[in-house]
Amino acid sequence: ARDGMYQREFIVQSDWMHHGEGLQLFHRMNLSLGAEALYAARARRFAGLYLGEDPAAPNYDPALKLIRSMQNGSRGPMLRAATALDWVGDSFEVSRFVAQHGEKTYAQFLDHYAEYTDVAGDHFLNLVATTLPTIAYMVANESKYRRWLVDYMEAWLERMRRNGGVIPSYVDYRDGRIGGPENRWWGNAYGWGFSPVNPVTGRREDRNRIPRAMVGFMNAMLVTGESKYPEAWRTMMDAVNAQARTVDGRQQYPTMYGLEGWYGWKNQPWNVGATELWYLTMREEDRRRVGENAWIAFLRGEDPSYPETALQRDRETVRRRTAAFRADRTAPERRLADNMLGHNPATVGALTQLMQGALVPGREGGLLHARLRYFDPVRRRAGLPADVAALVSELTDTRTVVTLVNTHVREARTVLVQGGAYGEHRIESVTIDGRVQPVGSRLFRLQLGPGAGAKLGLAMRRYAEPPTLTLPWERNG
């Protein structure tokens, strides 16, 4: 990146763990912007980097249906072995900064990436890249973006079937062969067999970034509504846990795979992506994979105090982080990009779960997956109108229960209630006080008088509508 970190407004070359983290804001700002013209143009252009539409960035092989390297971007793929210099950049004086990973010298930074050489070929991390065509598809419902997403995901499902149900981390870019000529399906940096030495501690650390791959499966479910995508993830979970061993009478489960087979043993079943899997399927067998989860317990009627305790927890986080950044005396020129993340007081996890019945978006770079969203038709903006409160208290495959209250004692409020973050869920009917009102749409309008509120039971058909970024007042019909 000596000629610039960005080219045509996109990172020149990086892996999709870091692409995804860097694009979090871009991926979600559409929740307020909708399909605004400049945003839509960027969304199409960024997606084009992976559809073969940009000759300067040949990241995608349409014949083999693969992204040619885990290092990719606006200057195309890296098809050679990476060096530590590729990862770290030119020499700098480490003592000028507060390095959070413990490195004290530039040499230690280079040592950190000494084993990060294998990057050529497709990698499950590249599934995060599916977010770009997904956004472009939602801008104007253009079929080419949906077709690319389906083709790319189908190729990955086939690789999983041929690899015993487990998604590989290395697919040879030259011929599409899983694991290349040596069948090292676990290869590549951040793959199943990636346990490099931490130069600060001298110990090997397992750095399998498989959780990021779930983003692609969720995007595919959002766009197509087809259950085969979460089903493939469930099959992988079963395949990994089937490798369990017994030590001193106790079951242990692997998390890694390398030359000598499975390793990285833990005492709990491998449940990466379990919460997301349950959210997509709403099946009881998938809920059991999650383990203890206070939010899910609340939705099942098992923990009625959760809203209060969750909001109190988040308020305490706001207080603690605000105090931390006010007390921080680090000079601005010594701070790196990550230094302030732990001090960011914006804490919306409980609100996201309780108001929208949604998964809290992580840093992976995925989209918002929500049962409901709200719009203010008077001010023509996303979100609840002023003074309106919402609480989602039940989620099943076909039913959502939400309480909406207008806390203003003198003025009425109007709220638009949408099924899904992007209108992907159809609301079949609304039940209030035993009265059923047919809807048959992704959206309905609710009038709330001064100080009025109601508990609504929504009959829903999930993933029945094509997702869209078009705001309600800009839609046709």
Side-chain angles (χ1 to χ4, degrees), residues 10-24 26-27 46-47 49-50 57 59-61 64-82 86-87 112-113 115-134 148-149 152-153 155-157 159-160 163 166-173 176 178-180 184-196 205-220 229 232-233 236 240 255-258 264 270 272-273 276 361-367:
F10 200 89
I11 293 178
V12 294
Q13 212 167 57
S14 186
D15 62 273
W16 267 95
M17 183 173 80
H18 295 98
H19 275 314
E21 291 175 352
L23 286 166
Q24 289 179 77
F26 180 79
H27 286 174
F46 292 171
L49 296 171
Y50 295 89
N59 294 302
Y60 187 64
D61 186 324
L64 297 176
K65 295 182 173 55
L66 56 80
I67 295 175
R68 302 170 68 208
S69 173
M70 67 168 284
Q71 286 280 359
N72 52 70
S74 57
R75 287 188 185 153
M78 181 179 288
L79 301 179
R80 58 169 172 80
D86 290 321
W87 287 93
H112 180 103
Y113 290 99
E115 297 179 63
Y116 285 60
T117 55
D118 294 336
V119 299
D122 210 350
H123 192 297
F124 56 59
L125 270 179
N126 286 331
L127 287 166
V128 184
T130 61
T131 305
L132 294 176
T134 299
W148 182 92
L149 174 63
Y152 188 52
M153 288 301 303
W156 276 107
L157 294 189
R159 292 166 193 148
M160 294 173 74
N163 198 50
V166 178
I167 193 168
S169 52
Y170 171 46
V171 179
D172 198 320
Y173 75 92
I178 297 171
R184 295 168 65 97
W185 63 266
W186 59 88
N188 265 341
Y190 293 135
W192 281 99
F194 191 59
S195 301
E205 297 178 355
D206 296 341
R207 296 180 187 159
N208 180 1
R209 298 299 185 246
I210 181 65
R212 309 288 177 123
M214 181 50 117
V215 171
F217 291 78
M218 300 188 78
N219 287 336
Y229 300 108
W233 194 274
M236 177 167 61
V240 173
T255 61
M256 306 289 292
Y257 189 96
W270 191 78
V272 168
E276 293 83 354
R363 64 181 184 177
E364 294 82 5
L367 299 169

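Note that the coordinates shown come from a computational prediction; the quantities given were computed from them, not determined experimentally. Quick note: numbers below take in every heavy atom, side chains included, and nothing from hydrogens, waters or symmetry partners.
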K65 NZ to W156 CH2 distance, which is reported to the nearest 0.5 Å: 14.5 Å
Atom of H27, atom of L132 and distance for their closest heavy-atom approach: NE2-CD2, 3.6 Å
Considering all heavy atoms, the nearest G76-N59 contact: C-OD1, 3.2 Å
Audit row: Q71, D86, side chain to side chain contact (heavy atoms under 4.5 Å, CB included) steps and yes/no: CA-CA 10 Å; Q71 286 280 359; D86 290 321; over 6 Å; no
F10 and L23, any side-chain heavy atoms less than 4.5 Å apart: yes
Ring pair (Phe, Tyr, Trp, His ring centres under 6.0 Å) against H112, all qualifying residues, sequence neighbours excluded: Y116
H19 side-chain N/O to N72 backbone N/O, donor-acceptor pair under 3.5 Å: yes
Atom CZ of R363: over 12 foreign heavy atoms under 6.0 Å: no
Donor-acceptor under 3.5 Å (H123 side chain, A189 main chain): yes
Close side-chain approach of V215 to L127, heavy-atom, < 4.5 Å: no
Working for side chain to side chain contact (heavy atoms under 4.5 Å, CB included), residues M214 and W233: CA-CA 8 Å; M214 181 50 117; W233 194 274; 3.7 Å; yes
Side-chain (D122) to main-chain (Y173) donor-acceptor, under 3.5 angstrom: no
Distance in Å, M70 CE paired with W16 CH2, rounded so as to fall on 0.5 Å steps: 12.5 Å
Audit row: V166, W185, side chain to side chain contact (heavy atoms under 4.5 Å, CB included) steps and yes/no: CA-CA 10 Å; V166 178; W185 63 266; 3.8 Å; yes
Nearest-0.5 Å distance, CG of residue L49 to CD1 of residue I11: 11.5 Å
Near-ring test Y50/W148, centroid separation under 6.0 angstrom: no
Y60 and Y152 aromatic ring geometry - parallel, tilted or perpendicular at 30°/60° bounds: perpendicular
Minimum-distance pair of heavy atoms, taken over all atoms of M256 and G191: CE-O, 4.1 Å
Steps toward side chain to side chain contact (heavy atoms under 4.5 Å, CB included) verdict (L157, F217): CA-CA 10 Å; L157 294 189; F217 291 78; 3.9 Å; yes
Spacing of T131 atom OG1 and Q24 atom CD [to the nearest 0.5 Å]: 11.0 Å
Minimum heavy-atom distance between I178 and P168, given as atom pair plus value: CG2-CB, 3.8 Å
Plane angle bin for W87 and H18 - parallel if under 30°, tilted between 30 and 60°, otherwise perpendicular: perpendicular
Residue pair M218 / L367, side-chain heavy-atom distance below 4.5 Å: no
D15 vs R212, salt bridge (Lys or Arg N to Asp or Glu O under 4.0 Å): CA-CA, chis, key distance, verdict: CA-CA 11 Å; D15 62 273; R212 309 288 177 123; over 6 Å; no
Backbone N/O of V119 and side chain of S69: donor-acceptor pair under 3.5 Å: yes
Side chains of F124 and N208 in contact at under 4.5 Å (non-hydrogen atoms): yes
Which residues share a ring pair (Phe, Tyr, Trp, His ring centres under 6.0 Å) with Y170, sequence neighbours left out: none
Parallel, tilted or perpendicular: ring planes of W270 versus W192, cut at 30 and 60 degrees: tilted
From I167 atom CD1 to I210 atom CD1, the distance as rounded to the nearest 0.5 Å: 5.5 Å
S169 side chain vs N188 backbone, donor-acceptor pair below 3.5 Å: no
Nearest atoms (heavy-atom pairs only) where M78 meets A82: SD-CB, 3.7 Å
Heavy-atom pair with the smallest gap, counting every atom of V128 and G20: CG1-CA, 4.2 Å
CZ-CG distance between F194 and D206, expressed to the nearest 0.5 angstrom: 10.5 Å
